[in-house]
Number of protein chains: 2
Amino acid sequence: MNNSTPTIRSVTVADVAREARVSKATAARVLGGYGVVSDKVRGDVLAAAKALDYRPNELARSMTTGKSGIIGVVVGDIENSFFSFAVRGISDTARAAGFNVILANSGEQIEAEKAAVRVLIGKRVDGLIVTPSESRDVSHLRDIHRSGRPLALLDRALPDLDVDTVTVDDRDAAMRATRILTDTGHRDIAYVTAVDFSEHEYRDLEQIYTSSVRERIEGFLAACRDAGIVTPERFVRLGATKPEETRAITDKLLSTPERPTAILASDSLIAIEMFKVIRERGLRVPEDISLITFHDADWTSVTSPPITVVDQPAYMLGKVVTELLLRRIEGKVRPPERVIVPTSIIQRGSVGPPFREK
Amino acid sequence: MNNSTPTIRSVTVADVAREARVSKATAARVLGGYGVVSDKVRGDVLAAAKALDYRPNELARSMTTGKSGIIGVVVGDIENSFFSFAVRGISDTARAAGFNVILANSGEQIEAEKAAVRVLIGKRVDGLIVTPSESRDVSHLRDIHRSGRPLALLDRALPDLDVDTVTVDDRDAAMRATRILTDTGHRDIAYVTAVDFSEHEYRDLEQIYTSSVRERIEGFLAACRDAGIVTPERFVRLGATKPEETRAITDKLLSTPERPTAILASDSLIAIEMFKVIRERGLRVPEDISLITFHDADWTSVTSPPITVVDQPAYMLGKVVTELLLRRIEGKVRPPERVIVPTSIIQRGSVGPPFREK
DNA sequence: ATGAAAGCGCTAACAC
DNA sequence: GTGTTAGCGCTTTCAT
């Protein structure tokens, strides 16, 4: 049909108004779906709009209304399937409420996170959902709050920032997972986590600025101590942020004669890399070493043996945090909520008695 | 510090101008980084901006410039790690060029895809990258083109739409994968793909409206025929869009005594589900049945045996399609490009001779 | 029920 | 170099 050159100037309410022989205001009323218009005029305007192929300019609309219909989301790493699911939960919930989502990746880097927040605020998003990469520097998050836009935190709580927050029961989950290991007889258990840190060695909790990481370590250590294990922190390893780092940590961990007999991994990306290294070294799971990981990633159920996991309802986390945010966007004033979503442990075949006992 | 109530009205160039005792235009010049200003005035304005905590309103900026700095992306399913990687490639490339990304999920539904496109156009994105879910209805994509905004296609070509398109060598990849199977002696090979279709049975290529799906089937059939296999289409199955569908297809496929001795899966989501069903039925890979899948998903390297895959450079696809789009956004006029990125096959342990020969 | 006009925050001509 | 002015496309009083 219309094979003419691309439309240079898009058609505006003024164009439609002219075509329909009404005022700009009237056309805008029917096009924008507000105010009152007679049925006849409505019909005329709609017909004109159709004839001209009118598309509203959401930008202009946002500018006058102050709302963009966009929710900004900043996550640590979209390639981590935990976040994929959470984002899916966010998107579905937002879309159902008529909102769009702008997604930004922080790569767990505080500077990238700040930049992303700045941009999103500039775009006048109606609200933000952030997975804060650390709790020391929250000035940019404070700014959001100050700018009057709602903010909700996903997966990680910030002690200094009293806003709607949804996390899982990290401490408890870590304790339960660890207990499975100690109950099976393990005394030398490694905990490997992804917090960005120059060294892999763990000193004390003061080093850790990410709530979920911290709480999991706390839970792990507590469960170990409950089982009478002394200095359980000797096998805590930080900095498994990339496959190569994880590989280095695992290699070192498995090289000593005093090596751990079980491993608890803080996410599935770490676990899969550790699993590969374990395999390559000719070790068997769980005969030679037991393994539990956070997150029920797809691969954990197809390995031989399948992996015991802490199942985190990622989609649900995304859904809940979005609901909280939407409620704020709608202007409900009430104290910030702190939702803790329970996890469950799916026992599969990757835990067995420690090899030393054989 | 400033613990006052959230800023109601955000500070504007006018506010900064007043504070710095210069005109709005001058303030705008330094704040917007264009035009020329004396160093002294620049300093004054910057100081005023800082004091007032000025944040540019990107919306207003976009409205006057006509550019939003946003690239709209519509993919089939973000949970599919193939798309995750592609999106990561898109994001990284876009961000490096100073663009943001709005991500929308079509769920491979044409209506959702149309809605997403409409919204993104409304937001005046500077360009769109779409993974078209089918090639019959491309009116909405034509509209993009007509609206003057660049459009680039990812992973799937559209015969009717002559725009920048980046895909992998689907036909050839399917042929090579199939040949591995035929060379190993297989004569009864199933091809299972995810195109949305009411029945699972395949009749002819005319049913298929998605280029990548179609080309892969073509390649599969061609390679089978080259190997002298008659009616290879008898084992082509469509509609593996959800785990349940895949499960049903696999169950049926494996229930007959004439069951296939090898399977080629069109994506890793299908393959993992098939792998699970195979396991549950007590069949072994590759002794009882061989398996190859498109996409080097993480799980394919940790199963026993690991899975032979068609490695698609998803990140690269995203990167390349974004580069093409950015070039168009910059206004370069030249004929649409059709880039075909080569794939490679990673041979692992999931292919063996057909069990019937034993 | 409809219209006229102002204004959202910014950029872009065009003067001076 | 700096200021003045006029929009961008829409919503929103305020009249009529």
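In this text, all values refer to a predicted model and were calculated from it rather than measured experimentally. Naming convention: chains lettered A, B, ... in sequence-line order (proteins, then strands); numbering from 1 in each chain.
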Per-nucleotide protein contact string for nucleotides 8-16 of chain C (B base, S sugar-phosphate only, - none; heavy atom under 4.0 Å): BBBBBB---

Value rounded to 0.5 Å, distance of OG in S81(A) from CZ in R88(A): 13.5 Å

Pairwise distance CD(E330(A)) to CG(L325(A)) - rounded to 0.5 angstrom: 10.0 Å

Atom CZ of R338(A): over 12 foreign heavy atoms under 6.0 Å: yes

Beyond-backbone contact of P56(A) with L31(A), side-chain heavy atoms, under 4.5 angstrom: no

Close side-chain approach of K319(A) to D92(A), heavy-atom, < 4.5 Å: no

Touch class at under 4.0 angstrom, heavy-atom based, for V36(A) against every strand present: base

dA1(C) OP1/OP2 closer than 4.0 Å to side-chain N/O of T26(A): no

Rounded interatomic separation in angstrom, taking CZ from R21(A) and C1' from dT2(C): 17 Å

